Amino acid sequence: MVVFLGIPLYVVIHGSLTTETNQFTFANFKQTWEFHSYRVAFKNSLILSIWTSVVGAVFGTWLAAAVVTAKPGGLLHRIVQSSSGVLAYFAGVPLAFAFIAALGLQGVVTVLLKHFGIDLYAHGFTISSMTGVGLCYVYFQIPLMVILITPALEGLRSEWRDAALSLGASKLSYLRHVAVPVLLPSFVGATLILFGNAFSAYATALALVGSTLSIVPAQIDNALNGNVLVGADRAGLTLGTEMIIVILVVMVGYWLVQRRARRWLR
Amino acid sequence: MRVRMSKRALLAVAVVGATGALATAALGANASSKSYNWSNAKSAAAGGGMKALIKAAKKEGTLNVIALPTNWANYGAQLNTFHKLYGIKIHSDNPSGSSAQEIQAIKSLKGRSSAPDVVDVGGPFASAGASQHLFAPYKVVTWKNIPKNQKDSGGMYYQDYGGFISFGCNMNLLGSTPCPTSWSALKSSKYHNDVALNGSPLSANAALSAVWAAGVNSGGSAKNIKPGVDFFKQLMSSGNFNSTDCNAASVIATSCPITINWDYLNTAGSWGLTGATHWKVVDPKGIPFGGFYNQAVSKYAPHPAAARLWQEFLYSTKGQNIWLKGGARPVELAAMVAAGTANKKSYKALPKVTNLSKAVVPTTAQSTAASAYVTANW
């Protein structure tokens with residue numbers, strides 16, 4: 001824990017708060033905020049993470065709900081459960097390759113659709129755009145949501161529903177007054193995890209687009225590893241610290257909603 | 001520590017001692033070359049001439065190079081020829097590495113036998129490495145053939161090969177639309193989602209140079225890259241910019257309709273499309289924009305003689321002609337053409353560049369300033 005988490009954290013945070021001559025400074029932070037390219041990177045990272053986590057959460061919950069209400073141990077149940085387990089971790093280079101092969105400029109799906117008169121690329125779609133990368137992210141966000149939300153959905157006891165209905169509640173009011181309030185903390189918590197998952201994702205975007213997509217992890221790579229910027233290590237470390245801050249906020253939010261969620265799902 | 005020596009160990013000690021004595025004897029016989037520390041040699045002559053250098057390098061037996069892709073400016077042939085000529089083993093580390101990684105490797109591998117002996121880096125990294133005292137000054141035998149503005153006067157680093165920015169077109173993707181011949185043509189609506197770089201200008205040297213070349217041809221200069229950044233912002237807002245990172249993989253996967261890159265890297269051959277007829281390279285009209293890489297010997301080279309011999313080899317007629325064959329312009333080209341030693345066939349086959357006399361080739365300081373501007377404004 002100390003070696004794999006503590007020391008890197010110390011090096012990154014310490015580096016972002018010092019000058020080359022080891023003096024304390026906030027100048028690195030000021031600089032990264034003044035640079036247009038880094039502001040764009042943060043904006044892109046946030047947009048990408050927010051929309052893929054919301055889309056992933058909504059569709060993931062919908063799919064999970066379908067599975068939970070289906071016959072337990074049934075075929076649908078088993079297929080979705082096991083494929084979610086596999087697909088949630090199907091990210092990075094293999095996923096990017098699959099997307100290029102399918103939806104790239106000469107990808108199978110692209111060419112096939114063109115055959116039927118639908119030209120994706122003429123409508124402004126490209127796989128290397130934010131939309132393309134986001135679509136790719138959704139591919140691992142939905143299965144991850146299924147894994148995260150299924151326990152909460154299973155914790156929703158059928159007795160509650162029966163009790164509500166026998167007391168004269170409609171299905172809609174059961175959802176509004178019982179199911180949604182109980183599930184909401186778990187749903188928000190899982191969405192926050194998806195957000196963090198997308199925010200820190202690096203390999204998928206890099207393999208799909210390369211360094212041209214301006215997201216924070218790619219800018220850190222440019223600063224530390226590029227062929228252009230000399231002595232930008234501090235900028236790289238500072239961007240790293242800023243990512244840590246964002247993730248910390250997400251973690252605190254997750255901890256708060258989890259505390260609420262646990263009240264119902266014991 | 002208590003040591004109990006076995007008979008065998010004692011014997012080993014005796015043998016080592018004897019060889020040691022022999023070595024000392026040999027050293028006495030040829031003290032001048034054997035005891036010379038090549039780490040301090042600022043030229044071959046300082047260490048007793050080329051023969052002494054070759055001998056010392058062969059004795060070291062190994063050369064560590066870093067970040068040299070074999071399909072880049074004919075480096076594959078460069079490495080093979082050197083190995084065959086001197087029988088020195090070459091350890092090629094991290095072939096697709098970047099200049100930043102080369103400089104980092106010198107620092108972090110200091111003192112290890114796996115540390116890089118020599119580096120090939122972009123201008124800003126050459127001057128940064130020199131100011132951080134990571135390089136050892138060395139002047140090759142042909143030093144006078146390197147133009148004055150293309151070398152550090154102290155010999156800390158020196159340019160090696162370069163080229164000019166070109167357009168590479170995949171005609172299968174462009175179809176009936178012709179390959180553009182000027183920078184302003186790239187703005188045409190014909191090239192919607194077509195114009196691509198080999199990475200981000202914050203990360204790839206050629207991409208930065210492409211932005212700069214566009215700038216030089218729309219009111220900018222070696223001192224002013226801003227018009228280039230504006231040019232690409234226009235391409236982005238008009239949808240002509242294609243954000244694919246055009247490397248060998250994406251070019252072969254036909255994701256790059258128009259790739260802007262160095263001319264010596266933009267040929268069908270160096271993309272791994274040898275013989276392909278659909279790949280077309282164009283030298284854009286207007287002011288050519290050139291750039292060179294730099295050689296330097298690491299101050300902490302574990303094989304100091306081999307490192308220096310490698311430099312002598314690269315700057316010999318043979319080494320320079322190998323780069324020339326790869327479509328790159330070796331730094332001694334002008335002197336070689338004048339002396340008639342440049343390979344005529346390769347020279348003729350060089351990617352065409354018109355208006356060469358008007359070419360803009362930025363200095364190291366200008367490159368550093370331009371990359372800072374791009375970081376803040378891209």
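Computed from a predicted model, the values in this text were never measured in an experiment. Each chain gets a letter, A, B and so on, in the order its sequence line appears, and its residues count up from 1.
- Neither the backbone nor the side chain of A/Gln31 comes within less than 4.5 Å of any heavy atom of chain B.
- In this structure a side-chain-to-backbone donor-acceptor pair under 3.5 Å is present from B/Trp279 to B/Asn266.
- Relative orientation of the A/Phe42 and A/Phe199 rings is tilted, given thresholds of 30° and 60° on the angle between their planes.
- Residue with the most contacts toward chain A among B/Ser371, B/Ser367, B/Ser255, B/Ala128: B/Ser371 (heavy-atom pairs, distance under 4.5 Å).
- Looking only at heavy-atom pairs under 4.5 Å with chain A, the residue among B/Ser99, B/Ala100, B/Ala376 that has the most is B/Ala376.
- Enclosure of atom CZ in A/Phe4 is not indicated, since only 12 or fewer non-hydrogen atoms of other residues, nucleotides or ligands lie within 6.0 angstrom.
- Side chains of A/Gln141 and A/Ser53: a donor-acceptor N/O pair is absent below 3.5 angstrom, by distance only.
- No part of A/Leu206 comes within reach of chain B, as not one of its non-hydrogen atoms sits under 4.5 angstrom from that chain.
- Using a 4.5 Å cut-off between heavy atoms, B/Thr368 makes no contact with chain A at all.
- Relative orientation of the B/Trp212 and B/Phe289 rings is tilted, given thresholds of 30° and 60° on the angle between their planes.
- Contact of B/Asn193 with chain A is made through the side chain alone, with heavy-atom distances under 4.5 Å.
- Of the atoms belonging to B/Pro257, it is side-chain heavy atoms, and not backbone ones, that fall under 4.5 Å from chain A.
- B/Leu208 touches chain A through its side chain: at least one heavy atom from C-beta onward sits under 4.5 Å away, while N, CA, C and O do not.
- Shown here is B/Phe241, whose CZ atom has more than 12 heavy atoms of other residues, nucleotides or ligands within 6.0 Å.
- Contact of A/Ser129 with chain B is made through the backbone alone, with heavy-atom distances under 4.5 Å.
- Heavy atoms of B/Ile103 lying under 4.5 Å from chain A are absent altogether.
- Counting non-hydrogen atoms of neighbouring residues, nucleotides and ligands closer than 6.0 angstrom, the CE atom of B/Met236 exceeds 12 such neighbours.
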